[in-house]
Number of protein chains: 2
Amino acid sequence: MDKIVGTSLASEAFDRVVEAIISGEFEPGQKISEADLARRLGISRGPVREALHRLEGRLVSRVPRIGVRVIKFGSHELRQLFYLREALEGMAARLAAEFAPDDFVEELESLLHRDSAEIAQSGQSVYRQRSADEDFHSAIAGASNCENIQRILLNEVYYQLRIHRLRSSQKPGRADQALKEHFEIIAQLKARNPAAAEEAMRAHVRAARESSLADLS
Amino acid sequence: MDKIVGTSLASEAFDRVVEAIISGEFEPGQKISEADLARRLGISRGPVREALHRLEGRLVSRVPRIGVRVIKFGSHELRQLFYLREALEGMAARLAAEFAPDDFVEELESLLHRDSAEIAQSGQSVYRQRSADEDFHSAIAGASNCENIQRILLNEVYYQLRIHRLRSSQKPGRADQALKEHFEIIAQLKARNPAAAEEAMRAHVRAARESSLADLS
DNA sequence: GCTCCGGCAACTGTCAACAGTTTACCGAAA
DNA sequence: TTTCGGTAAACTGTTGACAGTTGCCGGAGC
């Protein structure tokens with residue numbers, strides 16, 4: 001049985017602020033006041049302060065004696081984020097190909113086939129980011145069995161990525177291509193070829209980078 | 001001119017705790033009490049609490065309602081840390097080969113030559129970790145011009161690495177080999193060959209990993 | 001002798017208040 | 001009209017106190 005864990009006001013505040021930033025309620029560059037946020041959430045400044053500290057370097061930047069601001073997310077930051085993704089997800093794919101149990105890989109493949117069918121029949125060309133694409137990458141991060149990499153991807157990279165995704169539309173046709181690349185990654189995972197799996201993932205991230213940067217400009 | 005920045009009690013407490021953990025004053029697995037630490041530092045619990053939160057996932061692990069413990073660092077954690085290093089430092093080397101200015105690379109090379117001479121004449125075989133090896137890797141992280149990667153390496157990876165280094169001696173002969181590998185990396189940086197620079201760095205990290213794991217057991 | 005339960009001490013999570021600094025506004029002088 | 005200076009409000013950094021929970025220790029019961 002799973003223990004009920006860690007529901008503190010600070011965690012609650014953390015989740016609420018993340019949601020507010022990702023959803024766009026807090027705009028990039030906007031200053032967040034501890035006191036104001038505490039009043040709005042109906043709690044004291046202590047937990048709010050803690051939540052904002054946990055977001056430092058992830059979704060907000062902090063200047064001593066001034067306060068915290070929602071990070072701005074231009075092409076420069078986006079490019080750096082994709083470099084980080086390429087390195088981490090590439091390694092995650094390599095480790096997954098090497099160590100992930102067979103049933104994990106098979107489940108991932110069936111999940112991908114289901115998404116594929118769903119996209120084909122609904123005719124939507126955007127490969128719903130929230131569920132499909134992100135789940136795929138999260139699953140591989142989990143399959144890497146490397147807590148460090150998993151933590152950074154889930155708690156830092158994907159948060160920042162969602163800020164960008166909310167604010168930019170995807171190039172038509174990218175969805176189909178992304179799906180193909182996902183299948184290529186799966187193929188290399190099944191083949192238990194670590195080097196090829198890593199390279200497939202890195203190529204996929206690079207393609208996504210170029211597509212995103214093109215969308216931005 | 002650089003502004004005098006961020007001397008808060010929390011930052012001070014953060015540095016002190018990091019030093020205490022890295023130096024071995026706080027042993028792995030040991031519980032750290034907020035109140036006790038605050039008393040010892042002569043400050044209130046607020047800044048201490050903030051400092052411990054910033055260390056979460058880096059040098060301490062935290063359990064709700066229980067407290068924080070210094071992370072334990074076995075072969076499993078060490079292996080994962082080196083996977084992360086391989087991914088991040090490999091990418092950092094790639095970016096450095098691609099974008100770092102020429103004088104930066106040249107300065108790095110002269111620094112390496114100086115270290116080399118120093119080691120040769122002093123006859124010490126351990127390549128003083130604190131200054132030489134770490135500086136080299138930090139410099140490449142800086143040369144990557146990628147704030148994300150730089151931040152993770154400096155604030156997370158190298159901290160954890162120092163915990164391990166303090167507690168294990170280095171295999172004899174590893175120092176010379178490491179120095180050779182460093183020169184190989186520099187050579188690829190000068191040649192402006194991103195792929196080769198990345199691979200050289202990754203090979204270097206892999207070699208360090210095997211050496212460290214051998215030392216541990 | 002071993003197990004289980006109750007009370008106590010210590011600790012974490014949270015709150016409200018204080019002190020020093022930054023920011024914004026407003027009026028006066030050039 | 002613009003710029004400079006001063007004052008006041010707001011905010012961050014810090015502190016001490018309070019409440020609920022956890023873990024430990026000793027004693028009672030089997």
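Here is the naming used below: chain letters follow the sequence lines, and residue numbers restart at 1 for every chain.
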B:Arg39 CZ to D:dG16 P, in whole Å, measures 13 Å

Could you pull out all residues at least two apart from A:Arg16 that satisfy salt bridge (Lys or Arg N to Asp or Glu O under 4.0 Å)?
none

Whole-Å distance, B:Arg54 CZ to D:dG13 P, equals 11 Å

Between A:Arg40 (CZ) and D:dC11 (P), how many Å, whole number?
11 Å

Given the ring of A:Tyr159, does A:Arg58 sit roughly above its face, with NZ or CZ under 6.0 Å from the centre of the six-membered ring and within 45° of the axis?
no

Return the angle between end axes of the helix from C:dG1-D:dC30 to C:dA30-D:dT1, with five pairs used per end and rounding to 10°.
10°

Does B:His164 use its side chain to pair, donor to acceptor, with the backbone of B:Gln160 at less than 3.5 Å?
no

Going through the checks in order, is the side chain to side chain contact (heavy atoms under 4.5 Å, CB included) test met by A:Leu179 and A:Leu112?
CA-CA 8 Å; A:Leu179 198 60; A:Leu112 202 55; 4.1 Å; yes

Would you tabulate the side-chain donor-acceptor contacts of residues 66-82 of chain B under 3.5 Å, counting partners in other chains and residues two or more places apart, or write 'none'?
| from | atom 1 | to | atom 2 | distance (Å) |
| --- | --- | --- | --- | --- |
| B:Arg69 | NH1 | B:Gly29 | O | 2.7 |
| B:His76 | NE2 | B:Gln80 | NE2 | 3.1 |
| B:Glu77 | OE1 | B:Gly74 | N | 3.0 |
| B:Arg79 | NH1 | B:Tyr83 | OH | 3.4 |
| B:Gln80 | OE1 | A:Glu147 | N | 3.3 |
| B:Gln80 | NE2 | A:Asn145 | O | 2.9 |

For nucleotides 12-15 of chain C, print each protein N/O atom paired with a nucleotide N/O atom at under 3.5 Å, atom names and distance only.
| from | atom 1 | to | atom 2 | distance (Å) |
| --- | --- | --- | --- | --- |
| C:dT12 | OP1 | B:Glu34 | N | 3.4 |
| C:dT12 | OP2 | B:Glu34 | N | 3.3 |
| C:dG13 | OP1 | B:Arg62 | NH1 | 3.3 |
| C:dG13 | OP2 | B:Arg49 | NH1 | 2.8 |
| C:dG13 | OP2 | B:Arg49 | NH2 | 3.1 |
| C:dG13 | OP2 | B:Arg62 | NH1 | 3.4 |
| C:dG13 | N7 | B:Arg45 | NH2 | 2.9 |
| C:dG13 | O6 | B:Arg45 | NH1 | 3.0 |
| C:dT14 | OP1 | A:Leu9 | N | 2.5 |
| C:dC15 | OP2 | A:Ser44 | N | 3.0 |

Sorted by chain and number, sequence neighbours left out, side-chain hydrogen bond (donor to acceptor under 3.5 Å, both in side chains) with B:Glu181 holds for B:Arg174, B:Gln177, B:His204

Which side-chain hydrogen bond (donor to acceptor under 3.5 Å, both in side chains) pairs, counting each pair once, include a residue from residues 22-32 of chain B, with sequence neighbours left out?
none

Using side-chain heavy atoms (C-beta onward) and a distance below 4.5 Å, is A:Ile185 in contact with A:Phe136?
yes

